[in-house]
K.L.:
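Have a look at the structure that comes next, please.
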Amino acid sequence: ADTTIAVNNPDVNRGTWADLEADGWDSSPGTGQVSMLIRWDLGALPSDAEVLGAAVTLFPVSWANGSDPFAVYEVLVPWGEMTATWNQRDTGLSWGVAGCQGTADRGATIIGTVQEDLLNPILIAATPEFADLVQRWVTSPSQNMGLVMQDYSLSLGLHVYSREHPVAAERPVLEIMYTR
């Protein structure tokens, strides 16, 4: 599941769009804040899998420009791919702070960073915190609320393909290395 939430369209859901975006501010602070939410279904993995490492690969929509580095955080609350907006995480359920910014909305620890690459797919390499998070998702699937990529102070946005992109090989990928 994936979607983009944006302050400029606080009640618009983008769950069916073929791209995802993260941005900070455009011409003035508070006018272009955008973040992307991504979650993977890990039901095919055995619940006793021991996660050795994990990484995310994203594919940029445009190879023409780079971006600022965006922080990757764990999402702490359920959200709906077809219902999440800047104001609401699901129908009738608001974020603690609009834009998934509250301490109850997302973790405080940055578990990785993502920055658009001019020539290559974008890799979010696993930090130990990220591998631990994926382990929790495998062990307790109900804790899997996914990731949010955001930094509302940055000016150069990140623009990648979503799971709705028609080319399956360019959709967001979570690679998990594990043993049993």
K.L.:
So which atom in Gly53 and which in Ala131 form the shortest heavy-atom distance, rounded to 0.1 Å?
P.N.:
CA-CB, 4.4 Å
K.L.:
Within a strict 4.5 Å, meaning less than it, do heavy atoms of the Pro60 and Ile122 side chains meet?
P.N.:
yes
K.L.:
Would a single hydrophobic cluster contain both Ile111 and Val138, if residues Ile, Leu, Val, Met, Phe, Trp and Tyr are joined by side-chain heavy-atom contacts under 4.5 Å?
P.N.:
yes
K.L.:
Hydrogens and angles aside, do Asn13 and Thr85 bring a side-chain donor and acceptor to less than 3.5 Å of each other?
P.N.:
no
K.L.:
Look up atom CZ in Phe70 and atom CD1 in Ile110, then write down how far apart they are to the nearest 0.5 Å.
P.N.:
12.5 Å
K.L.:
Going by atom types alone, do Glu21 and His159 pair a side-chain donor with an acceptor below 3.5 Å?
P.N.:
no
K.L.:
With side chains defined as the heavy atoms from C-beta onward, is the minimum distance between Ile38 and Leu20 less than 4.5 Å?
P.N.:
yes
K.L.:
Please tell me if the side chains of Phe59 and Val173 come closer than 4.5 Å, counting only heavy atoms from C-beta onward.
P.N.:
yes
K.L.:
Mind checking the OG1-CZ spacing from Thr3 to Arg163? Nearest 0.5 Å is all I need.
P.N.:
10.5 Å
K.L.:
Could you give the distance from OH (Tyr161) to CG (Asp19), rounded to the nearest 0.5 Å?
P.N.:
8.5 Å
K.L.:
Quick one: sort the Phe130 and Trp137 rings into parallel, tilted or perpendicular, breaks at 30° and 60°.
P.N.:
perpendicular
K.L.:
Looking only at non-hydrogen atoms, find the nearest pair between Asp2 and Glu164 and report the distance.
P.N.:
OD1-OE1, 3.1 Å
K.L.:
Measuring from atom CD of Glu175 to atom OG1 of Thr57, what distance do you get when rounded to the nearest 0.5 angstrom?
P.N.:
6.5 Å
K.L.:
Thinking salt bridges, do Arg39 and Glu81 make one under a 4.0 Å N-O criterion?
P.N.:
no
K.L.:
Run Met177 and Val51 through side chain to side chain contact (heavy atoms under 4.5 Å, CB included) and show every step you take.
P.N.:
CA-CA 6 Å; Met177 289 67 67; Val51 174; over 6 Å; no
K.L.:
Indicate if Leu123 and Met149 have the same hydrophobic cluster label, given that clusters are the connected sets of ILVMFWY residues with side-chain heavy-atom separations under 4.5 angstrom.
P.N.:
no
K.L.:
Grab the two heavy atoms, one from Leu37 and one from Ala84, that are nearest each other, plus how far apart they are.
P.N.:
CD1-CB, 4.3 Å
K.L.:
Any side-chain heavy atom of Tyr152 sitting closer than 4.5 Å to one from Asp23?
P.N.:
no
K.L.:
So do Trp40 and Leu147 actually touch side chain to side chain, heavy atoms under 4.5 Å?
P.N.:
yes
K.L.:
Salt bridge check: are Arg89 and Asp105 linked by an N-O gap of less than 4.0 Å?
P.N.:
no
K.L.:
Side-chain heavy atoms under 4.5 angstrom apart, residues restricted to Ile, Leu, Val, Met, Phe, Trp, Tyr: same cluster for Met36 and Val97?
P.N.:
no
K.L.:
Nearest heavy-atom pair of Trp95 and Cys100: which atoms, and what distance?
P.N.:
CZ3-SG, 3.5 Å
K.L.:
Taking Gln135 for the side chain and Ala49 for the main chain, is one N or O donor matched with an acceptor at less than 3.5 Å?
P.N.:
yes
K.L.:
What is the minimum heavy-atom distance between Ser35 and Gly99, and which atoms define it?
P.N.:
OG-O, 4.3 Å
K.L.:
Distance check, rounded to the nearest 0.5 Å: Asp90 atom CG versus Met82 atom CE?
P.N.:
12.0 Å
K.L.:
Write down the atom of Ala104, the atom of Val77, and the distance for their closest heavy-atom approach.
P.N.:
O-CG1, 3.2 Å
K.L.:
Indicate yes or no for a side-chain donor-acceptor contact from Trp79 to the backbone of Met145 under 3.5 Å, with no hydrogens or angles considered.
P.N.:
yes
K.L.:
Is there a side-chain contact between Arg136 and Thr139 in this structure, where contact means two heavy atoms from C-beta onward sitting under 4.5 Å apart?
P.N.:
no
K.L.:
Using atom types as modelled and distance alone, determine if a side-chain donor or acceptor of Thr113 lies under 3.5 Å from a backbone N or O of Ala71.
P.N.:
no
K.L.:
Between Asn144 (side chain) and Leu42 (backbone), is there a donor-acceptor pair under 3.5 Å?
P.N.:
no
K.L.:
What's the spacing between Leu158 CG and Leu58 CG if we round to 0.5 Å?
P.N.:
7.0 Å
K.L.:
With a 4.5 Å cut-off on side-chain heavy-atom distances among I, L, V, M, F, W and Y, is there a chain of contacts connecting Tyr73 to Ile5?
P.N.:
yes
K.L.:
Identify whether Leu45 and Leu174 are in the same connected component of the hydrophobic contact network (ILVMFWY, side-chain heavy atoms under 4.5 Å).
P.N.:
yes
K.L.:
Is the shortest side-chain heavy-atom distance between Arg106 and Gln150 below 4.5 Å?
P.N.:
yes
